[in-house]
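Data first, discussion second: the structure below is written as structure tokens.
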Amino acid sequence: MSRSTDAVPGRERLVDQAYRQIRDAIVAVRLEPGRPLDEKALSASLGLGLPPIRDALKRLTLEKLAVTYPHRGTFVSRINIADEARLTEIRVELEGLAAALAAERATDDDHATLLALLDDLEHGSHERADNSELDARVHRAIYSAARNEFLEATLNQYANLALRIWNFCLQEQMADDEHIRSQRAVVEAIVRRDPLAARLAAEQHLRGFAQEVRSTVLASRS
């Protein structure tokens, strides 16, 4: 293993740092669908060496956020709006499970992290990009609090794909207050350690956001 990808105690590995930054830019649609992912340009813009950039792009390709073509290079994956419904029907079940497990297993530190993120959502910017990034962090904090690394990895992959579609569809709109209220219901149920309420709130939260996206898509086509 190259030195640049070795873990350093107390610090994020360089490959994880590269992955996170490129992933977030793709999910937020700052890196548009179909855009080339040039290794040297990314290395220069992120201030990281080529080995962690290459490893990050391989991971993003496995997670379907990027695609590599022989003799052409790596590109941001195209968006297929029809994938949203298929992703949501899986995520509704798994998000509910993660919330229920988090209600049973979350530590006091997990509760503090979730409530702090939710406070940021409620009192921060209602610009869609800012809200979406915080929303993703709340979801990832819930996945972590579920204390199941297999579930966490699966949900993170599906959430990244779904959030990218949602960001693409809703990028011209402001954040919706109802979305924040429904997310608060999930976190509050987790903090009071109510697995059933957490599961139901997570399912309702996800379905509500999915419906907002579909309504927007239908309106744009009429």
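When a residue number appears, it is its place in the shown sequence, counting from 1.
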Exercise. Would a 4.5 Å heavy-atom cut-off, applied to side chains only, mark D55 and K58 as touching?
Worked result: yes
Exercise. Can you tell me how far the CZ atom of R35 sits from the CZ atom of R78, to the nearest 0.5 Å?
Worked result: 13.0 Å
For this session: Output the distance between atom CZ (R164) and atom CD1 (I79), rounded to the nearest 0.5 Å.
Result: 4.0 Å
Would you be so kind as to tabulate the donor-acceptor pairs closer than 3.5 Å made by side chains of residues 65-75, with sequence neighbours excluded?
| residue | atom | partner | partner atom | Å |
| --- | --- | --- | --- | --- |
| T68 | OG1 | T74 | OG1 | 2.9 |

Exercise. How close do I53 and A18 get, heavy atom to heavy atom, and via which atoms?
Worked result: CD1-CB, 4.1 Å
For this session: Assess whether atom CD of Q204 is packed by more than 12 heavy atoms of other residues, nucleotides or ligands within 6.0 Å.
Result: no
Exercise. Among the clusters formed by ILVMFWY side chains lying less than 4.5 Å apart, do L50 and Y19 turn up in the same one?
Worked result: no
Problem set entry | Non-hydrogen atoms of F168 and V29 that approach each other most closely | N-CG2, 3.8 Å
For this session: Go through the steps for Q211 and S215 under the test side chain to side chain donor-acceptor pair (under 3.5 Å), then give the verdict.
Result: CA-CA 6 Å; Q211 185 57 50; S215 297; 3.2 Å; yes
Seminar exercise, completed: Closest non-hydrogen contact found for V27 with N167 is O-ND2, 2.8 Å
Exercise. Which atom pair, heavy atoms only, marks the closest approach of A103 to A189?
Worked result: CB-O, 4.2 Å
For this session: Report whether L200 and L97 are members of the same hydrophobic cluster (ILVMFWY, side-chain heavy atoms less than 4.5 Å apart, transitive linking).
Result: no
Exercise. Side-chain donor-acceptor pair under 3.5 Å between N160 and R140, yes or no?
Worked result: yes
For this session: Could you pull out all residues at least two apart from A116 that satisfy side-chain contact (heavy atoms from CB on, under 4.5 Å)?
Result: none
Exercise. How are the rings of F209 and H179 set to each other: parallel, tilted or perpendicular (split at 30° and 60°)?
Worked result: tilted
Seminar exercise, completed: Between A146 and R105 the two heavy atoms that sit nearest each other are O-NH1, 3.0 Å
Exercise. Is there a donor-acceptor pair under 3.5 Å between the side chain of S43 and the backbone N or O of E39?
Worked result: no
For this session: Calculate, to the nearest 0.5 Å, the distance between atoms OG and CG belonging to S144 and L155 respectively.
Result: 12.0 Å
Exercise. In Å and rounded to the nearest 0.5 Å, what is the CD1 to CG distance from I22 to L37?
Worked result: 7.0 Å
Exercise. Do D16 and R59 meet the salt-bridge criterion of a basic N to acidic O distance under 4.0 Å?
Worked result: yes
For this session: Say whether, by atom type as modelled, one donor and one acceptor occur between the side chain of R193 and the main chain of A106 under 3.5 angstrom.
Result: yes
For this session: Establish whether L87 and I81 are linked, either directly or via other cluster members, by ILVMFWY side-chain heavy-atom contacts under 4.5 Å.
Result: yes
For this session: List for me each residue that meets side-chain contact (heavy atoms from CB on, under 4.5 Å) alongside E104, sequence neighbours excluded, and say none if there are none.
Result: L101, P195
Report, one line per pair, each donor and acceptor closer than 3.5 Å where one atom sits in a side chain of residues 88-95; sequence neighbours left out.
| residue | atom | partner | partner atom | Å |
| --- | --- | --- | --- | --- |
| T88 | OG1 | E84 | O | 3.0 |
| T88 | OG1 | E84 | OE2 | 2.7 |
| R91 | NH2 | E95 | OE2 | 2.9 |
| E95 | OE1 | H139 | ND1 | 3.2 |
| E95 | OE2 | Y143 | OH | 2.3 |

Exercise. Got N80 and R86 here, is their nearest side-chain heavy-atom distance under 4.5 Å?
Worked result: yes
Problem set entry | Residue pairs fulfilling salt bridge (charged side-chain N to carboxylate O under 4.0 Å, His left out) with at least one residue in residues 141-158, sequence neighbours excluded | D110-R147
For this session: Could you list the residues that satisfy side-chain contact (heavy atoms from CB on, under 4.5 Å) with V138, not counting sequence neighbours?
Result: L114, L117, L121, I142, Q183, V187
Problem set entry | Point-to-point distance, once rounded to the nearest 0.5 Å, from CG of D135 to CG of L118 | 10.0 Å
Exercise. Is E122 salt-bridged to R184, cutoff N-O under 4.0 Å?
Worked result: yes
Exercise. Can you tell me how far OG of S77 sits from CD of E63, rounded to the nearest 0.5 angstrom?
Worked result: 11.0 Å
Problem set entry | Exercise: identify the closest heavy-atom pair between P33 and V76 | CA-CG1, 3.8 Å
